[in-house]
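Following: one structure in structure tokens, then a few remarks.
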Amino acid sequence: MAPRVFEETVLPHLDAAFNYARWLTRNDAEAEDVVQDACMRAMRYFSSLRGDDARAWLFAIVRNTWYSRVSRRASVTEAASLDSDEHPDEALDPEARLLQQRTVERVRAAIEQLPVDFREVIVLREIEGLSYKEIAAVVRVPIGTVMSRLARARERLLAGLKPETMETLP
């Protein structure tokens, strides 16, 4: 394998792989480690890439790397919450910007509360934009299971994002 082919095929997807790993691990440092290990595996097994769907292939490696790390531990510890990396719309007035930030925080918290099976399919579909077929390949389940998990994840997100009452606002 020529290093240039690997670089052109896989490296454009590193940011997305990191984002996915961060949602899985809930920790930036651990996500970096997972992606680094996944890249080493991807390089080693680059010849196993079939077709041109390097993004889904890399996501599958990231997922497998994370699961192998978790399985090596006796128990999974809760990771620190994600660093705030959203970029509020500077064109908004301060009040609207604050409301936007609060909405982003609520959605992020709701996604983090989902069980990992639901969290990963929601992230892969709604944030990373993978098709049902690509998600099925990444998480190694039938498309019907992907659809079911997405439906349940969306239901839980909606329940977790019900409008706040005036009593709960500061």
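All of these numbers come straight from a predicted model, not from anything done at the bench.
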Inset, instruction - Identify the two heavy atoms, one from Ala136 and one from Pro142, that lie closest to each other, and give their separation to 0.1 Å. - result: CB-C, 4.2 Å
Inset, instruction - Carefully, step by step, assess Leu124 and Val146 under the rule side chain to side chain contact (heavy atoms under 4.5 Å, CB included). - result: CA-CA 10 Å; Leu124 289 172; Val146 169; over 6 Å; no
Inset, instruction - Before accepting this row, confirm whether a basic side-chain N of the pair Asp37/Arg69 lies closer than 4.0 Å to the acidic partner's carboxylate O. - result: yes
Legend entry - Shared hydrophobic cluster for Ile143 and Phe118 (ILVMFWY, side-chain gaps under 4.5 Å): yes
Legend entry - Sidechain-backbone polar pair: Arg26 side chain, Glu112 backbone, donor-acceptor under 3.5 Å: yes
Inset, instruction - Please determine if Glu128 and Arg55 form a salt bridge, counting it only when a charged side-chain N lies under 4.0 Å from a carboxylate O. - result: yes
Legend entry - Straight-line distance of Glu105 CD to Arg108 CZ, nearest 0.5 Å: 8.5 Å
Inset, instruction - Determine the minimum heavy-atom distance between Pro12 and Glu8, stating which atoms define it. - result: CG-O, 3.4 Å
Inset, instruction - Please round to the nearest 0.5 Å and tell me the distance separating atom CG of Asp53 and atom CZ of Phe59. - result: 10.0 Å
Inset, instruction - Determine yes or no for a side-chain-to-main-chain donor-acceptor pair under 3.5 angstrom, with Ser148 supplying the side chain and Gly144 the backbone. - result: no
Inset, instruction - May I ask you to decide if Asp28's main-chain N or O and Arg22's side chain share a donor-acceptor pair within less than 3.5 Å? - result: no
Inset, instruction - Please report the C-alpha distance between Val138 and Tyr20 in whole Å, then the side-chain angles of each, then the deciding distance to 0.1 Å, and finally whether the side chain to side chain contact (heavy atoms under 4.5 Å, CB included) criterion is met. - result: CA-CA 11 Å; Val138 170; Tyr20 178 48; 4.0 Å; yes
Inset, instruction - Please check if the side chain of Thr145 supplies one atom and the backbone of Val141 the other of a donor-acceptor pair under 3.5 Å. - result: no
Inset, instruction - With sequence neighbours left out, write down each residue that passes salt bridge (Lys or Arg N to Asp or Glu O under 4.0 Å) with Arg154, or none if nothing qualifies. - result: Glu126
Inset, instruction - Check Arg119 against Ile111 and note the closest heavy-atom contact, atom names and distance. - result: CD-O, 3.4 Å
Legend entry - side-chain contact (heavy atoms from CB on, under 4.5 Å) against Ala29, all qualifying residues, sequence neighbours excluded: Asn27
Inset, instruction - Decide whether Leu99 and Val104 are clustered together by the hydrophobic rule: side chain heavy atoms of Ile, Leu, Val, Met, Phe, Trp, Tyr closer than 4.5 Å, transitively. - result: no
Legend entry - Distance (rounded to the nearest 0.5 Å) between Trp57 CH2 and Phe46 CZ: 6.5 Å
Legend entry - Separation between CG of Leu11 and CZ of Phe6, rounded to the nearest 0.5 Å: 5.5 Å
Inset, instruction - Quick one: pull up CG in Leu114 and CG in Leu157 and give me the separation to the nearest 0.5 Å. - result: 4.5 Å
Inset, instruction - Answer whether the closest heavy-atom distance between the side chains of Thr65 and Val35 falls below 4.5 Å. - result: no
Inset, instruction - Determine, stepwise, if the pair Ile61 / Trp66 fulfils side chain to side chain contact (heavy atoms under 4.5 Å, CB included). - result: CA-CA 8 Å; Ile61 295 172; Trp66 179 66; over 6 Å; no
Legend entry - The single option from Arg125, Arg63, Arg140 passing salt bridge (Lys or Arg N to Asp or Glu O under 4.0 Å) against Glu120: Arg63
Inset, instruction - Say whether, by atom type as modelled, one donor and one acceptor occur between the side chain of Asn64 and the main chain of Ala60 under 3.5 angstrom. - result: yes
Inset, instruction - Nearest 0.5 Å please: distance from the CG atom of Leu58 over to the SG atom of Cys39. - result: 6.0 Å
Inset, instruction - Carefully, step by step, assess Tyr132 and Leu150 under the rule side chain to side chain contact (heavy atoms under 4.5 Å, CB included). - result: CA-CA 10 Å; Tyr132 289 0; Leu150 277 169; 3.4 Å; yes
Legend entry - Same cluster (ILVMFWY, side-chain, under 4.5 Å), Leu130 and Val116: yes
Inset, instruction - Identify whether Val5 and Met43 are in the same connected component of the hydrophobic contact network (ILVMFWY, side-chain heavy atoms under 4.5 Å). - result: yes
Inset, instruction - Report yes if the side chains of Leu24 and Val34 come closer than 4.5 Å at any heavy-atom pair, otherwise no. - result: no
